[in-house]
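A, B, ... follow the sequence lines: proteins, then strands. Residue 1 opens every chain. Values below: all heavy atoms of this structure, side chains included; hydrogens, waters and symmetry mates excluded.
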Number of protein chains: 2
Amino acid sequence: MAAAIELADRDGVDAISMRKLAQHLGVEAMSLYTHVRNKSDLLSGMTEAVISQIPISIDDADWKTSLRQMALAARSIILRHPWVPTTVEMQAAPGPAMLTYANAVIGILREGGFSVAQAHHALHILGSRVLGFTRDLFDDSGDLDPETAAGLARELGASHPYAVEMALAVTHGGALGRCDDDAEFEFALDFILDGLARLQSS
Amino acid sequence: MAAAIELADRDGVDAISMRKLAQHLGVEAMSLYTHVRNKSDLLSGMTEAVISQIPISIDDADWKTSLRQMALAARSIILRHPWVPTTVEMQAAPGPAMLTYANAVIGILREGGFSVAQAHHALHILGSRVLGFTRDLFDDSGDLDPETAAGLARELGASHPYAVEMALAVTHGGALGRCDDDAEFEFALDFILDGLARLQSS
DNA sequence: ACCTGAACACCGTTCAAGT
DNA sequence: ACCTGAACACCGTTCAAGT
C-alpha cells in the first residue's frame, strides 16, 4: 500500500498499473492479487490510507475554528498526494476512513448548534472543500513567459476581453499578485464558514 | 462527435474506446484517426460540443439573476450528459467553448460592478458550480431498502452516530424528505450568490 | 482525403501450477 | 498463505497499404 502511494506521488495515478506496481516491489504482477481483490480495491486502499491521516480535531473550539482547522489540515495532507481527489471521486462507496471523517464534520456542526437539516445543507455547500480540495475549472496559476502571454492576449482580447483581463491581472502581477492558491483556498473557505454562521443564526 | 456523445450518454465514458466507437459507427477503429488526433482529442471534442450548448445569458438582468440563470441552464444540460464533469477535469487546457463560457461569467461579474480581484475570488468560490455541477463527497440520495438500512444503522450507530443520524433523516423521509438534488443545488447556489453580493458591497 | 489490416506495446484478470 | 507463468480479452496508436 505504502509502495503504491509512493509510486502515485512520483508518477501520477495514471501510471499505476498492477504490472508497474509489482515491478516497483520486485515481484510479479499476479502476486498482488493475494493482497488485494482487484485494482479498484487497490485504489480505495490507497485513498483510505491517506484520508485516515487527516487529524480529526478534538479540542473543544467552536465549530467554525474546528472546521477550519480540519479543512486546512486535510488540504495540507492532500497537497502531498495530488491524486487523491481523483481516486476519491472514483470510489462508489466511502470506506471506513472516509465515513469517520464525514462523521467528524457532521458532529462538529451538530454540536455547534446546527440542526440536521442545516448540517445537511452545510455539507452540500462545503462539498469537497471540507476535504481540502477544490477542482478548479482551470489552473490560473499559470506561468506563461511574457511574450506568449502577450500573443495570447492579442489573439483572444477581442473575443474574450474579460477572461484576458483577469488572466493578465493574475499571472504577471498587475493589480493582483500572481494567484496564490493557498490564500485563495482560505478565502473561499472563510467565505463559506461565515455564510454558514449567518445561515445558522437566521 | 455526436455518435460519441450518444454512446457516452448510454454506456458511460469509461465504455468509450476507439474500437467500440468505431463499431458503433460501423467502421474500423483506425478510421477515427482521420478525424481526431487521438483519444484525448476525441474527449475534448465531446466536452466542447456539450459546453457550447450552454446558453450565455444576454438579457440585461442584474448579475445575480444572470449568473443564476446560467448555472441552472448549465446544470440542466450537464445532467443529460453526466460524464461531462469527468472529461472537463481531464482536460489540461480549456477549449474555445470553455473559454467563451468563462469569459461570459467573468463579464457578468465585471459589468455587475465586481472588481477584477473580486471577480477572481468569486470564480474560485463558485468553482465548478457555475458549470452546474458539484462533485458530492458521496451520494446521499440513496435508496436502501428499510431492513438493510436498519442493519447499517445498528452496525455503524455506535461508531458514527452523526453520520447515521443524517443518513436516516435524509433517506427515508424523517424530518427532511428524501434528499432532493435539484433543491440542494439551488440552495447552495443561492447561498453563494448571496454571499457574493455581501462581498461586493463590503 | 478517407478507410483498412496487421502489428506493437501495453492493460486487468483467470486459472492451473508451484512452494 | 504466498508467488509464478502462460493465457485471454481487451486497450491506444503506428505504419504501410489500399481507394
Side-chain angles (χ1 to χ4, degrees), chain A residues 1-51 81-98 135, chain B residues 1-51 81-98 135:
Chain A
M1 211 77 272
I5 291 177
E6 181 189 310
L7 191 61
D9 288 346
R10 187 157 57 83
D11 297 345
V13 73
D14 284 340
I16 289 237
S17 75
M18 300 307 265
R19 285 168 156 96
K20 285 215 202 93
L21 175 58
Q23 189 188 0
H24 189 68
L25 286 163
V27 93
E28 223 63 21
M30 298 314 120
S31 311
L32 299 177
Y33 284 86
T34 14
H35 306 91
V36 122
R37 202 187 309 274
N38 49 35
K39 186 177 179 181
S40 104
D41 197 41
L42 170 69
L43 293 176
S44 1
M46 295 164 60
T47 310
E48 285 281 296
V50 172
I51 300 286
H81 309 287
W83 45 270
V84 168
T86 314
T87 55
V88 166
E89 283 163 7
M90 284 170 33
Q91 275 172 352
M98 190 73 208
R135 296 301 226 159
Chain B
M1 212 77 270
I5 290 176
E6 182 190 310
L7 192 62
D9 288 346
R10 187 157 58 81
D11 297 345
V13 74
D14 285 340
I16 289 237
S17 75
M18 301 305 266
R19 286 167 156 97
K20 286 214 201 94
L21 176 57
Q23 188 188 2
H24 189 67
L25 285 164
V27 93
E28 223 64 21
M30 299 314 121
S31 311
L32 299 176
Y33 284 85
T34 17
H35 304 92
V36 121
R37 201 187 310 273
N38 49 34
K39 186 177 179 183
S40 105
D41 196 42
L42 170 69
L43 293 176
S44 5
M46 296 165 59
T47 310
E48 284 282 294
V50 172
I51 300 286
H81 308 288
W83 43 272
V84 168
T86 315
T87 55
V88 166
E89 283 163 7
M90 285 171 31
Q91 276 172 354
M98 191 73 207
R135 297 299 225 160

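The partner of D/dG18 is C/dC2, by the rule that a Watson-Crick or G-U pair needs both atom distances under 3.5 Å. Checking C/dT13 for Watson-Crick or G-U wobble geometry (two distances, each under 3.5 Å) identifies D/dA7 as its partner.
Results of the side chain to side chain contact (heavy atoms under 4.5 Å, CB included) test with B/L42 over B/T87, B/L21, B/L32 single out B/L21 as the only residue that passes.
Remark: the A/W83 side chain and the A/D9 side chain contain an N/O donor-acceptor pair separated by less than 3.5 Å.
At C/dC2, none of the side-chain N or O atoms of B/S31 fall inside 4.0 Å of OP1 or OP2 (strictly under the cut-off). For B/T34, no side-chain nitrogen or oxygen approaches OP1 or OP2 of C/dA1 to under 4.0 Å. Between B/H35 and C/dC3 there is a side-chain N or O to OP1 or OP2 distance below 4.0 Å.
Protein atom CZ of B/R37 is 17 Å distant from nucleotide atom C1' of C/dC2, rounded to whole Å. In this entry the distance linking CG of B/D14 with P of D/dC10 reads 16 Å, nearest Å. Rounded to a whole Å, the CG atom of B/D41 is 14 Å from the C1' atom of D/dG12. One atom, CZ of A/R19, and another, C1' of D/dA6, lie 11 Å apart when rounded to the nearest Å. Regarding B/Y33, its OH atom lies at a distance of 22 Å from the P atom of D/dG18, rounded to whole Å. One atom, CE of B/M30, and another, P of C/dC2, lie 17 Å apart when rounded to the nearest Å. Spacing between atom CG of B/L32 and atom P of C/dG5 amounts to 14 Å, rounded to whole angstrom units. Nucleotide C/dC11 holds its C1' atom 13 Å from the NZ atom of B/K20, rounded to whole Å.
Taking all atoms of both residues into account, the shortest heavy-atom contact from B/A8 to B/M46 is CB-CE, 3.7 Å.
At least one donor-acceptor pair under 3.5 Å links the side chain of B/T47 to the backbone N or O of B/L43.
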